[in-house]
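The structure appears right after this line, and notes come after that.
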Number of protein chains: 2
Amino acid sequence: MTAPALPVVCAALGDATRWEILTRLGEGPMSASALARVLPVSRQAIGKHLEVLREVGLVESEQRGREVVHLAVGARLGALARELDRIGRSWESRLLRVKELAERPEPDTAERRSAYDT
Amino acid sequence: MTAPALPVVCAALGDATRWEILTRLGEGPMSASALARVLPVSRQAIGKHLEVLREVGLVESEQRGREVVHLAVGARLGALARELDRIGRSWESRLLRVKELAERPEPDTAERRSAYDT
DNA sequence: GCCAGGTGCAACCCCAGGGTTGCACTTGCT
DNA sequence: AGCAAGTGCAACCCTGGGGTTGCACCTGGC
C-alpha cells in the first residue's frame, strides 16, 4: 500500500523535530550528518526520524557517493492535504444539513426536538 | 492565537482513537458518554481526547441540557489542508530548481549519470 | 595506505501521554 | 422526592518512542 493510514502520516508530522528536518530537506537534499550539524540532536536521533518520514513517504533517500542524501517529498504532503480537505468538507456539509433541519420553522411537526438521535 | 502550530495539530490527528472520535463527530453531535458507549475506551479517555481536539480547534463543545455535545469542525481541517498544500508545493518548486541545475546539459562535463528522478 | 567523515546497529534512559479505576457532584426525567 | 445518567477531577499504571552513548564498518580523498 503506497498510501499509509491517515493517523500514521499525521503522527509522523506531529513532532517538532521532524518538522525541522522536513523544512531543511524542503530546501534541498541533505545527509543525516549534515542535519545533525545544524539541529540540536544527535545523528542517530535524526536517523530514526528519517526512518519514520521515509516510511510514510514524506522523505526519499538516495546513496550519493559515500553519504546518503535525503529530500522532502512535496507530493505526499499534497496528497495528505487533499484527503484532509475532502474530510473537512464532508464534516461541513453534514453540519449544514443539521443546521438546515434545526432552522427550518416547520409549523406542522412541532415535535421535532432532535433529528440526530443516538 | 487561534491557529496552533502545525506539529501540534498534526499530533492531535496522529492518534487512531481520536480519528474514530472525529469520524463519529463528523456525522453529528455527540456527548462523551455516547461516544464511550460506541468506542472501546472509557469515557474518561474520550474526555481527554476531546480536550486535545478542542484545544487545536478540531472540535467544538456545547452544553445542551444536562449533557455536553461535541462536534467536528471541518473548517479547521480545511485550514490545515491548505497550509500543508502550500508547503508541499514549495518543496516541489525547490526540487524543480535543483533538477534544473542538475539537468542543464553543460557540454563540457559529460559525466551525467542520472538525475535522481523517481 | 592511511585517516577522517559518514553510516548502521544495539543497548539504554526517561518521560509524555493514552488508558484505567474510583469517587463526588450535578441535573434531568418521572 | 428519588433514581438514573452525565460530567469533572484525581491518582495511578505502563507502554511507546524521542534521545543518547558506544562501537564496528565502509568508503572516499590526499
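Residue numbers start from 1 in every chain, and the chains themselves are labelled A, B, ... in the order their sequence lines are given, proteins ahead of strands.
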For the helix from C:dG1-D:dC30 to C:dT30-D:dA1, figure out the bend between the end axes, five pairs an end, and round to 10 degrees.
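Roughly 30°, once rounded to the nearest ten degrees.
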
Under 4.0 Å between a side-chain N/O of [X] and OP1 or OP2 of [N], yes or no?
| X | N | value |
| --- | --- | --- |
| A:His49 | D:dG19 | yes |
| B:Thr17 | C:dG18 | no |
| A:Arg18 | D:dG18 | yes |

More than 12 heavy atoms of other residues, nucleotides or ligands under 6.0 Å from CZ of A:Arg54: yes or no?
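Count over threshold, so yes.
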
Between the base of [N] and the side chain of [X], is one N or O donor paired with an acceptor at under 3.5 angstrom?
| X | N | result |
| --- | --- | --- |
| A:Arg43 | C:dG5 | no |
| A:Arg37 | C:dG5 | no |
| B:Lys48 | C:dG17 | no |

What's [X] touching, base or sugar-phosphate or nothing? Going by heavy atoms closer than 4.0 Å.
| X | value |
| --- | --- |
| A:Gln44 | base |
| B:Gly65 | sugar-phosphate |
| B:Ser42 | base |

Of B:Ala11 and B:Gln63, the one whose closest DNA chain C nucleotide lies more 5':
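Counting from the 5' end, the first nearest nucleotide belongs to B:Ala11.
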
Quick one: are [X] and [Y] in side-chain contact, heavy atoms under 4.5 Å?
| X | Y | value |
| --- | --- | --- |
| B:Ile87 | A:Leu22 | no |
| A:Leu25 | A:Leu35 | yes |
| B:Leu13 | A:Leu13 | no |
| A:Leu80 | A:Leu6 | yes |
| B:Leu53 | B:Arg18 | yes |

Send over the distance from [X] [atom1] to [N] [atom2], rounded to a whole Å.
| X | N | atom1 | atom2 | result |
| --- | --- | --- | --- | --- |
| B:Trp19 | C:dG18 | CH2 | P | 16 Å |
| B:Glu67 | C:dC25 | CD | C1' | 17 Å |
| B:Ile46 | D:dG6 | CD1 | C1' | 13 Å |
| B:His70 | D:dG6 | NE2 | C1' | 10 Å |
| B:Asp15 | D:dG17 | CG | P | 11 Å |
| B:Glu51 | D:dT7 | CD | P | 14 Å |

Looking only at heavy atoms, what is the nearest atom pair of A:Val59 and A:Ala72, with distance?
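Closest approach of A:Val59 to A:Ala72, heavy atoms only: CG2-CA, 4.4 Å.
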
Compare the minimum distances between each of C:dT7, C:dT27, C:dG19 and the side chain of B:Arg66, then state the nucleotide with the smallest one.
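Comparing C:dT7, C:dT27, C:dG19 against the side chain of B:Arg66, the answer is C:dT27.
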
